[in-house]
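Working notes for the structure below.
Scope of the values below: all heavy atoms of this structure, side chains included, with no hydrogens, waters or symmetry mates. Below, chain A is the first sequence line, B the second, and so on; all start at residue 1.
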Amino acid sequence: MIEVQIEARQVTLRYFAWLRERTGVSEERFALPADVVTVRDLMTALQQRGEGFAAAFAQPDAIRAALDHVHVKSHTAIGRAREIGFFPPVTGG
Amino acid sequence: MIEVQIEARQVTLRYFAWLRERTGVSEERFALPADVVTVRDLMTALQQRGEGFAAAFAQPDAIRAALDHVHVKSHTAIGRAREIGFFPPVTGG
Amino acid sequence: MSVRVSEADFDVSAEIAQLTAGQTNIGAVATFTGKVRGEAHGRPLTAMMLEHYPGMTEAELQRIETEAISRFKLTASRIVHRVGTLQPGDNIVLVITCAAHRHDAFQALEFLMDYLKTEAPFWKKETSADGHGTWVDARASDDAALSRWRPKNI
Amino acid sequence: MSVRVSEADFDVSAEIAQLTAGQTNIGAVATFTGKVRGEAHGRPLTAMMLEHYPGMTEAELQRIETEAISRFKLTASRIVHRVGTLQPGDNIVLVITCAAHRHDAFQALEFLMDYLKTEAPFWKKETSADGHGTWVDARASDDAALSRWRPKNI
């Protein structure tokens, strides 16, 4: 029962700037695969979701991420985060 | 004839802030004594002009000067300057 | 202390007046206004689109402002950042710092801009005269500017 | 590029608008506003009188501004300094710098303020609640701030 819950855990994924354009998605609910531990693991999993996602995540080192609105490194464990955001290095100001 | 002209050379003296208050003068025409060469010489000469001037110029190191609107050190020769300004260190801004 | 994300333009005098009203311990007010320039990388620019991460943007700006207040003696501060489609000459961002003395106001202003440029989740897309849109690349010089606020390596 | 000595107050937005009107090469506008604080050396202050050296003031401000333009990549700049009798909360001085990039605007702004504080011929007299007037002493910290713009001793 516990394992089933872990496999099925739903998170919100958000994509910005050219990640939004390439994936064609700005926000979605997503079932975290059981073997995804870190943000980088998630990027690798997302690469497998067709042409748009493959293009968006082709260079993971060029992508920044946030867990529940806080900047994190890609080796960070997703843990209990409910929202994961992917975006290029910021260019505001 | 040349010597007479040097002795009689008239300059404009201007006093600001507490120098104006202590001397009781904001602007005056003044005949430069022949033995006054530098700004400091002039301060020494002005000290002799009564109580107000003595109080104003009692501490020459605390006084700044300008020749024709340009900051100068007190050892600077007055030369052909037409206007000499005396004032405390500036406090604007 | 406040942050705001808005499509609307801002008025520098009005924002200063709000921050300083009734205060008599403010001797120094410093502001920075970032504006859209008419060219980018030598090409004329006709528009700039600013996207952001709603929710995270406000949280990051608050975090940056709180950090500035902890480092510098500020009496008040404000960050306003616009989003949406802007034209050359339009305002993009306003940062205001108020302090008793100018050194704190200047230092906090530069600190806030350096952090905003590298950590606040905004992205610019420039549209050139031929209609082509390009996402602006992050600048290495902005990362370098940030490093001066961090503890020196030992 | 312009300097102005005036009894009248200034409006920061209006001054920025004058400097930036029709310009599309300005990406950064930095401003500093100096204001009268309500106390001085722990005593409440009721008024401040600002005296200056007409003729020399304008010449010095022009000289300082020209020096800033020669050192930094500025698109436009302005210095406005008030004289006469001011109350706590009133504006004293405004400096604006406009540049393509923020680093030049910030550096020039601090440079102009450091020079203005130590070389422009203005003098402040503070009136306290009991009517006593005191000429403000020059601050050693202002001289120290200036030294960073000078060539290092060899």
Seminar exercise, completed: With chain D, the option among C:A28, C:A17, C:G89 that has the most non-hydrogen atom pairs under 4.5 Å is C:A28

For this session: With D:P88 as reference, evaluate C:N25, C:T24, C:I26 under the side chain to side chain contact (heavy atoms under 4.5 Å, CB included) test and give the passing residue.
Result: C:T24

Problem set entry | Region of C:L45 in contact with chain D, defined by heavy-atom distances below 4.5 Å | neither

For this session: Please state whether the side chain, the backbone, both or neither of D:T31 comes within less than 4.5 Å of a heavy atom of chain C.
Result: both

Exercise. Which answer fits D:I16, side chain, backbone, both or neither, if we ask what part of it has an atom under 4.5 Å from a heavy atom of chain C?
Worked result: side chain

Problem set entry | Options C:A30, C:G27, C:A145, ranked by heavy-atom pairs under 4.5 Å with chain D, top entry | C:G27

Exercise. About how many Å separate OG1 of D:T33 and CD1 of C:I96, when rounded to the nearest 0.5 Å?
Worked result: 9.5 Å

Exercise. With no hydrogens and no angle check, is any side-chain donor or acceptor of C:S13 less than 3.5 Å from a backbone partner on D:D11?
Worked result: no

Seminar exercise, completed: Contact list (residues 99-113 of chain D to chain C, heavy-atom gap under 4.5 Å, by number) returns D:A100, D:H101, D:R102, D:F106, D:L109, D:E110, D:M113

For this session: Under 4.5 Å heavy-atom distance to chain C, tell me which part of D:D114 shows up: side chain, backbone, both or neither.
Result: both

